[in-house]
Amino acid sequence: MSVGAAGTCDYCGLPVPLPLWRSAPVAAAPQFCCYGCRFAAAVTHSKGPEGAVTGLLARLGLAIFLTMNVMVFSMALWSEDFYGADSIAAPAWIGSLRGVFRYLSLIFSLPVLLILGGPLLEEAWHAVRRGRMTTDLLLVIGIAASYVYSAIAVVRDMDPVYFEVGCMVLVLVTLGRWLEAHGKLRTTAAIESLDALLPKQARVLHDGHEERVPLHVVTPGDAVLVLPGERIPCDGVIVRDRASIDEQVLTGESQPVSKSLGDLVWGGTLALDGGIVLEAGSRPSEGALARLIEHVREATLAKGHFERLADRITSWFLPTVVLIAFGAFLWHATYHGIDRGILVGLAVLLIACPCALGLATPMAVWAALGHAARSQVLFRSGEALERLATIRAVRFDKTGTLTTGAPAVASFVAGIHEDGEIVLSRALALANVSNHTYGRAIAEFAEAGSPNRSTVAGIQYVPGCGMHAHHVEDGATLYLGNPGWLQQKYLACPRELAEAIEQARNEGQALCCVGWGERIRGVFALHEQIRPEARTALLQLQGMGLDLAVLTGDHATRGQALAAELGVPVQAELMPEDKVAAVERARHEIGPVAMVGDGINDAPALARSDVGIALGCGADVTRDAASVCLLGNDLTHLAWAMALARQTVRVIRGNLFWAFAYNVIGIGIACSGRLNPVVASLAMVLSSGFVVANSVRLAGASHSQDVSPLAPLSLVEAQEAVP
Amino acid sequence: MIDLLMVFAGGLLGSSHCVGMCGGFALALGSTSRGSLHNLARQVLYGLGRVFTYTVGGIAAGYGGWRITQEFRAIENLQAILSISAGVLLIVQGLIAAGLFRRLAPGKSHHGCAGASMFGTLLRETRMRNVFLAGLVNGLLPCGLVYAYLALAASSGGLWMGGLIMAAFGLGTLPVMTLVGWSGYTLSTIARMRVLRLAAWCVVLAGIMSVTRGLGALHA
């Protein structure tokens, strides 16, 4: 188990609830989020070098052994009580052993009280110091009270005794908490498995000979050797040799990428067929994978709607339960004797334990977040997950989202009176500093055709339209962008270029024009490729009952061609603010809207939507406008993420309902005096077990070192879950 | 008393079923021992831990069965009904183990749960008291055969009888399990299958006997 950051449990890595009156957690020795984790950590850490089990586990076993004996004695006493010494169930000499059994019960249950009750008391003390309220303290008091009462009864030779209640309850509560801790560990296993992708050691080259060092020793600038089949330890640039790299963990691309001299590689990816030497670019703890893990951990800390709801319920639930328990104790003690009072109070405390309630939401969310991260879908918070489940409409940006974002220049036409080379060189100057995919395509194209270099200054980007800058040599303002925008800027369009534009539009190609001095000088027709999986992904989403549309700044004819190709309505000729308006309109008319884009050029629309989804984040997960980041470019991950979100919300609702209803009904039964505390604690264990099992389902199959393919989620199920 | 002997024999013969399922644990126990006699002691202690758990289970089952008959005194033949039910359960368990009802067979020999990790840790123990505890926990692991015999214990009509029945069963499994763990001798897969099948039919036999006893006790 890696030690979590401040504020996280040292065993399961999940957030430690903050104290009521402090804003930061008490920074002290190892901290745990619950008794179960403290217990589990003590168990795992108590293993000595030869596997010798010291302390806790052996003590638990001893406690179980003693409890079994106490149960036997109790049953013997019960059968004798029922029928007296001449019962057919017991041999005749049992009667004389009655006193012996009572004293034996007393003696055997005392160690159990100390072994299991002691740590529980300690946990209650820790909670009080941190300003949190738990039922642990009252539980221990109740159990101790029942024990004291029974001890007095034995000494005074009165009936009856309740040693078995205290013992069984302690055993069941301990096991139940341990089960919860184990479940929490399972839900964070996916995140931990990401952590495990970084090797523990790296081979650093010093003057030609290699040295194996622990991972954290690697510093930027070190030469790191990676052999074929090994995982790369840190981000860096290749300085020697080449290799095929499996980057699936960060990009979702199942095809290996060929990388060679000067290429960037990321820690955690797998070098397949070649050994490489790379120059470390960042510390391993600050690399892309580490940042991804950090984001997921942050996401688990952010509380979503359901979690806040559960917190609100718990905040008044706990004091109410305590009052009810007291009330029941007093009532039954008055009318039926103090022993009955203690038992009823204990039963109420046990059955009402809000452990399941407190776990219901977080466990499901953590499991889903980890599973998603392992499948290259990053949710920024549990809230993003919950909101995604409510989505009814999805709007797509076109460029870079539905298209591969790597258009190529299909043709270039310069004005009749222009020097092609000059036009290209000026276009190149602008395109080189463009952040748009068209700019990059033009730069690549123009690079080949123009030996001259121009320089520009005073660059300005106008989103959705283009860019302009001052040509340094002759001071003219150069424009590169939409034909429509250039015409708005009073650049005249020569006839031959207008024809070229018309033709390109008819063929459904994208256009980009360059111009200066009040005239458009050249036209680039760009050919975009729709992502191969786009149709499938859109069909999947339609199958889930979502309303889809594409928002694009392209010309109407291009939009129509696109609509025919994709099978989805296209809203064309939209400026960025129009896109925002379209998102708003969709929200008014249909419901919560998700916007899918690349997170850079359509940040406003992304931010305005209910859930912004950014594609192709890769190792750069800092696209803040998006609450969901798809690390790769595969659109089918979208439908998968939707299905996961819906399934998670279903699980959360199920958990909350179960935990709450269970508690309320249980309290009712307990108050009436019909509930045995042992049965109550057993029921509590089963309830926690149900919540854990239900939530762990979301964590997906256990992940081995290699990335598993997307877990098949039933889209039919997901469709039925539309709220 | 003849009953107890039959149960002991059932345990003896059924223990090959135990070897099949839980023999691995016994071998693991032996892997960290220091010397042959030490291993033998560990195996016996481990077995006794199991027997202890079974006995306690038998007492609890016997008590439960007895309480049910007392509570529902009005229902005649409850004792007989319990005997018959226990017998049927044993027969079904035996038939499953013999390879019929393949659909119903559980089909997994490892129990993945938190208890397994605790169990595993205890198994690698060197100290004697922890070996006993390992046996204790092993007895708590789910096992259809044990449940069937527990049903028999419940039908016995009293807690001490129930305890004796399960103790007899447990002690019956002791020789073979100790031997396997001590000697490391394991049957080949085919031989194991054959022995398991034989053991299964022994269990069926015990079930038939319970049913006949119940039928005989039925008031007409």
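One distance of note links CG of B/L133 with CG of A/L60; it measures 9.0 Å at 0.5 Å rounding. Rounding to the nearest 0.5 Å gives a distance of 4.0 Å between CZ of B/F52 and CG of A/N69. Put simply, CH2 on B/W160 and CE on A/M75 are 8.5 Å apart, with the number rounded to the nearest 0.5 Å.
Residue contact with chain A, scored on non-hydrogen atoms closer than 4.5 Å, is absent for B/T55.
In this structure the side chain of A/M71 never reaches within 4.5 angstrom of the side chain of B/I59, judged on heavy atoms. No side-chain heavy atom of B/V56 sits under 4.5 Å from any side-chain heavy atom of A/F65.
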